[in-house]
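The structure appears below as structure tokens.
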Amino acid sequence: MDAKVRVRFAPSPTGGLHLGGVRTVLFNYLFAKHHNGEFILRIEDTDQSRFVPGAEQYILDTLAWCGLSPDESPVHGGNYGPYRQSERKANYKKYADQLIAQGNAYYAFDTPADLEAKRAEVPNFQYSRTHRMEMKNSISLSATEVESLLKNNTPHVVRIKMPENEEVIFEDIIRGEVSFDASTVDDKVLLKADGMPTYHLAVVVDDHLMKITHAFRGEEWLPSAPVHILLWKYLFGLDQMPKWAHLPLILKPDGHGKLSKRDGERLGFPVFAMDWTDHITKENTIGFKEKGFLPEAFINLLALLGWNDGTDKEIFTMEELIASFSLDRVHKGGAKFDYEKAKWFNQEWIKRMDNEKLSRLVQPYFDKAEIEIHEHDYLVKIIGLVKERCHLLPDFITQSAFFFKAPTTIDTASITPKWEAKKQQFFEALVKIYSDHIIADKQTIPAIELEAHFKELAALHELKPGELMLPFRIMLVGGKFGPGVFEIVEAIELKDATSRIQYCLQILSTN
RNA sequence: GGCCGGUUCGACUAUCGGUUAGGUCGCCAGGUUUUCAUCCUGGAAAGACGGGUUCGACUCCCGUACCGGCUACCA
């Protein structure tokens, strides 16, 4: 039987994790869990010039928030560590040497300045068979020259020698057969002058050493696939190579191109999973988490960007995704990100979520808005009352603040045009009745009874309840929104309701 | 420029040769809600183009167009 499924997500820790990155993690995770396999997090920090402090922790935090916990990682450990490529540096040279010995790679001594000059001189310069002999390397130079350069520790890189008449063909799980003429691809650098491998060498060596069975990555990697295939062939044999799948890109909602951080800023939506603060500029980029998305919704919407189960089902739990995920239902084409639909997913998840659980998630937003919650049970109850009108977590503040303190702004403009003495008298009578209840030690009354009393009183004053409802609502919540008025009165209790009515009557009489 | 990939309503997508091309978001209209939201009903809205193959093509093949990705000692 086939070996146990092992997949990896291999980000370089350079900044916030964006939608596309998280989706790549998700597909890796779902595939692994679907096949009872293992999901590995490997940090590809081979470019020391791009090291960003905190970025690795951010990736870990993001995976934790999303519920995509790795089985092996720099912090979770595992039998194939270390899981940071910078700590695996010693591994790579051996393989580079092997490639050179086999004639599949060579030393190149060109300085960055040499390369720059050559690029300026030759339009569309490629370091390949067309110009290889014009450069300074162990193919163009004599053996003695190379030896002395090496002996003098002349800075050099190792480049793969792309074959001349070879068609590189491989099977992509999503795209089917893909082929390249190897001679059109340039001689990629494998080992840099600082001794660190480039992605090309590192990914092949580590996938082999970590026994990766399936390698998934974004479509932007497709053009360099022939380099990786060749490396597998030269180093470990094609029969050992993982199965590849190049995932479709997530595109800008408007216009064209890959979704980027700037699109989010421009169009007003998050692109990163969580808040990310640039360590140099201190500029903060908002994340889906902080914007008020539920991780369940975030995962759900990401899963449906480029995949579906073939039915009309759109709301999936993680368990359901694991059960039904399959790579052959992943699309080939990129998907434009639609923030409106993203919010819809979140709303659906808010509606489904347990009030108690929701209350714990919403509490921080109340704290931030400086709205004091005296009783937790009261908050839970209010959440149940307003949840279906909230798309994002902060919506709970605007939708329910009036349950905790009297509204600060009152839309009196919607009352005054039809305000009259009769109505004034009605509300004064209502205040009297509520006050009597309070004196009788009744702090609140069930909504149904409140409504019945209200209607009786209206009839007594020869007014239709309909003309009183809107003013009443505005007195209580400040505007034309919110749950049923009598439910509100029941919740905020008579004392509070009374003072809100009185406050408004005062404003209305002075106008 | 070169190489590679992609193309169904505005967006996400179903369809694996035979359908009035379906669903969801958004949009519009109506109902419910004596408010808003929810919810319900209805509506507008799509196979890039041109050739084949076939009794029959959204579906298979070729070409064109358009879009995207890559083309660093970055990943």
Side-chain angles (χ1 to χ4, degrees), chain A residues 10-14 44-47 49-50 85 108 110-112 115-116 119 123-128 155-159 172 174-175 178-181 183-186 188-200 202-203 217-226 246 248-249 251-258 301 304-315 328-329 331-345 347-348 351 386-391 395 399 411 414 451 464-474 477 479-485:
Chain A
S12 49
T14 52
E44 308 224 332
D45 54 350
T46 53
D47 186 1
S49 68
R50 294 211 305 168
Q85 287 182 332
D110 318 278
T111 65
L115 290 167
E116 202 181 315
R119 287 196 182 100
N124 302 320
F125 171 79
Q126 284 231 111
Y127 205 121
S128 64
H156 62 274
V157 301
V158 174
R159 286 181 183 269
D172 184 282
I174 295 170
R175 277 147 228 285
V178 184
S179 65
F180 297 82
D181 175 354
S183 66
T184 64
V185 182
D186 60 349
K188 298 284 182 210
V189 169
L190 264 21
L191 209 60
K192 299 185 256 190
D194 64 1
M196 277 290 194
T198 58
Y199 173 80
H200 306 297
V203 74
R217 59 190 355 178
E219 195 188 340
E220 70 269 27
W221 287 106
L222 204 44
S224 55
H246 290 87
L249 264 16
L251 276 12
K252 300 173 194 295
D254 61 340
H256 306 282
K258 253 201 298 190
L301 73 93
L304 272 284
L305 228 41
W307 173 87
N308 69 79
D309 74 345
T311 72
D312 289 339
K313 185 175 167 70
E314 291 199 280
I315 303 297
D328 44 57
R329 290 207 62 89
H331 273 240
K332 292 183 173 81
K336 287 183 185 169
F337 175 66
D338 181 358
Y339 188 51
E340 291 306 317
K341 184 123 190 190
K343 283 194 289 192
W344 174 78
F345 273 111
Q347 184 184 23
E348 290 298 312
K351 281 194 285 191
V386 304
K387 67 196 279 190
E388 65 203 17
R389 52 200 88 209
C390 298
H391 289 81
D395 292 345
Q399 289 298 332
D411 179 17
S414 295
E451 184 172 358
K464 279 183 271 182
E467 6 177 24
L468 297 164
M469 293 296 276
L470 189 66
F472 193 25
R473 164 176 299 281
I474 291 171
V477 320
K480 292 186 240 181
F481 65 97
V485 277

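Quick note on labels: first sequence line is chain A, next is B, and so on, each numbered from 1.
Using atom C1' as the reference point in both B:C4 and B:A57, the two lie 28 Å apart (nearest Å). For the C1' atoms, the distance linking B:U13 with B:A46 amounts to 12 Å, nearest Å. Atom P of B:A45 sits at a distance of 32 Å from the matching atom of B:U33, rounded to the whole Å.
The nucleotide whose nearest atom lies closest to any side-chain atom of A:R329 is, among B:U35, B:G68, B:U15, B:U15. With B:A37, B:C3, B:C74 as the candidates, the nucleotide lying closest to the side chain of A:E388 is B:A37. The side chain of A:E348 sits closest to B:C39 out of B:C39, B:A14, B:G5. Considering only side-chain atoms of A:M469, the nucleotide from B:U34, B:G69, B:A37 that sits closest is B:U34. Comparing B:C12, B:C74, B:C4 by their nearest atom to the side chain of A:L305 picks out B:C12. Of the listed nucleotides (B:U71, B:C73, B:C70), B:U71 has the atom at the smallest distance from the side chain of A:Q126. Comparing atom distances between the A:L470 side chain and each of B:C12, B:U35, B:C74 picks out B:U35 as nearest. Distances from the side chain of A:E340 to the nucleotides B:U34, B:G5, B:C25 place B:C25 closest. Side chain of A:D312, nearest nucleotide from B:G23, B:C25, B:C4: B:G23. Of the candidates B:U13, B:A75, B:A37, B:U13 carries the atom nearest the A:N308 side chain, counting heavy atoms from C-beta on.
Heavy atoms of A:G482 sit under 4.0 angstrom from at least one base atom. A:S224 comes within 4.0 angstrom of nothing in the nucleic acid, heavy atoms only. Nucleic acid contact class of A:N124 (heavy atoms, under 4.0 Å, all strands): base. Across all strands, A:K343 comes closer than 4.0 Å to no nucleic acid atom at all (heavy-atom distances). Here A:K464 lies out of heavy-atom contact (under 4.0 Å) with every strand. A:D110 comes within contact range of at least one nucleobase, with a heavy-atom separation under 4.0 Å. Heavy atoms of A:V485 sit nowhere under 4.0 angstrom from any nucleic acid atom. Contacts of A:R119 with the nucleic acid, taken as non-hydrogen atoms under 4.0 Å apart, involve only primed sugar atoms and P, OP1 or OP2. As judged by a 4.0 angstrom heavy-atom cut-off over every strand, A:G306 is placed among residues touching the sugar-phosphate backbone only. In this structure, A:P483 reaches the bases: a heavy-atom distance under 4.0 Å links it to at least one base atom across the strands shown. Residue A:S179 is in sugar-phosphate contact alone, with no base atom involved, counting any heavy-atom pair closer than 4.0 Å across all strands shown. Nucleic acid contact for A:A335: sugar-phosphate only, since backbone atoms but no base atoms lie under 4.0 Å from a heavy atom of the residue.
Each of A:H331 and A:V157 was assigned the nucleotide of RNA chain B with the nearest heavy atom; the assignment lying further toward the 5' end belongs to A:H331. Comparing A:H200 and A:C390, the nucleotide of RNA chain B nearest to each residue sits closer to the 5' end for A:C390.
Side-chain to base pairing of A:K341 with B:U24: one donor and one acceptor N or O lie within less than 3.5 Å of each other.
At a threshold of 4.0 Å, the pair A:R119-A:E116 does not count as salt-bridged, since none of the basic side-chain nitrogens sits closer than that to a carboxylate oxygen. A salt bridge links A:R50 with A:D47: the distance from a Lys NZ or Arg NE/NH1/NH2 to an Asp or Glu carboxylate oxygen falls below 4.0 Å.
Shown here is A:K464, whose NZ atom has no more than 12 heavy atoms of other residues, nucleotides or ligands within 6.0 Å.
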| task | Begin with the C-alpha distance, continue with both residues' side-chain angles, and end with the deciding distance and a verdict on side chain to side chain donor-acceptor pair (under 3.5 Å) for A:D411 and A:S414. | result | CA-CA 6 Å; A:D411 179 17; A:S414 295; 2.6 Å; yes
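Going from atom CG of A:L301 over to atom P of B:A11 covers 18 Å, rounded to whole Å. For the pair A:Q347 CD and B:G26 P, the computed distance is 8 Å after rounding to whole Å. Between the CZ atom of A:F472 and the C1' atom of B:C36 there is a distance of 17 Å, given to the nearest Å. As rounded to whole Å, 16 Å separates atom P of B:C67 from atom CG of A:L249. One interatomic measurement links the two molecules: CD of A:E314 to C1' of B:C25, which rounds to 8 Å at whole-angstrom precision. Between the P atom of B:U24 and the CG atom of A:D309 lies a distance of 15 Å, rounded to the nearest Å. Summarising the geometry, the separation between CG on A:D181 and P on B:C70 is reported as 21 Å, rounded to the nearest angstrom. Counting to the nearest Å, the P atom of B:C4 and the CD1 atom of A:I174 are 20 Å from each other.
Look at B:A37: it lacks any Watson-Crick or wobble partner with both distances under 3.5 angstrom. Pair assignment for B:G1: B:U71, on the basis of Watson-Crick or G-U wobble contacts that are both within less than 3.5 Å. A 3.5 Å limit on both hydrogen-bonding distances identifies no Watson-Crick or G-U partner for B:U32. A 3.5 Å limit on both hydrogen-bonding distances identifies B:A65 as the Watson-Crick or G-U partner of B:U7. Remark: B:A46 base-pairs with no nucleotide; criterion is Watson-Crick or G-U wobble with both hydrogen-bond distances under 3.5 Å.
Panel note: side chain A:E388, backbone A:K351; no donor-acceptor pair is recorded below 3.5 Å.
Ring pair A:F125/A:Y127 is perpendicular by interplanar angle, where above 60° counts as perpendicular and below 30° as parallel.
Across all non-hydrogen atoms, the minimal contact from A:C390 to A:V386 is SG-O, 3.6 Å.
You'll find the side chain of A:H331 reaches within 4.5 Å of the side chain of A:N308, heavy atoms only. A 4.5 Å side-chain heavy-atom check between A:K192 and A:T198 finds at least one atom pair inside the cut-off.
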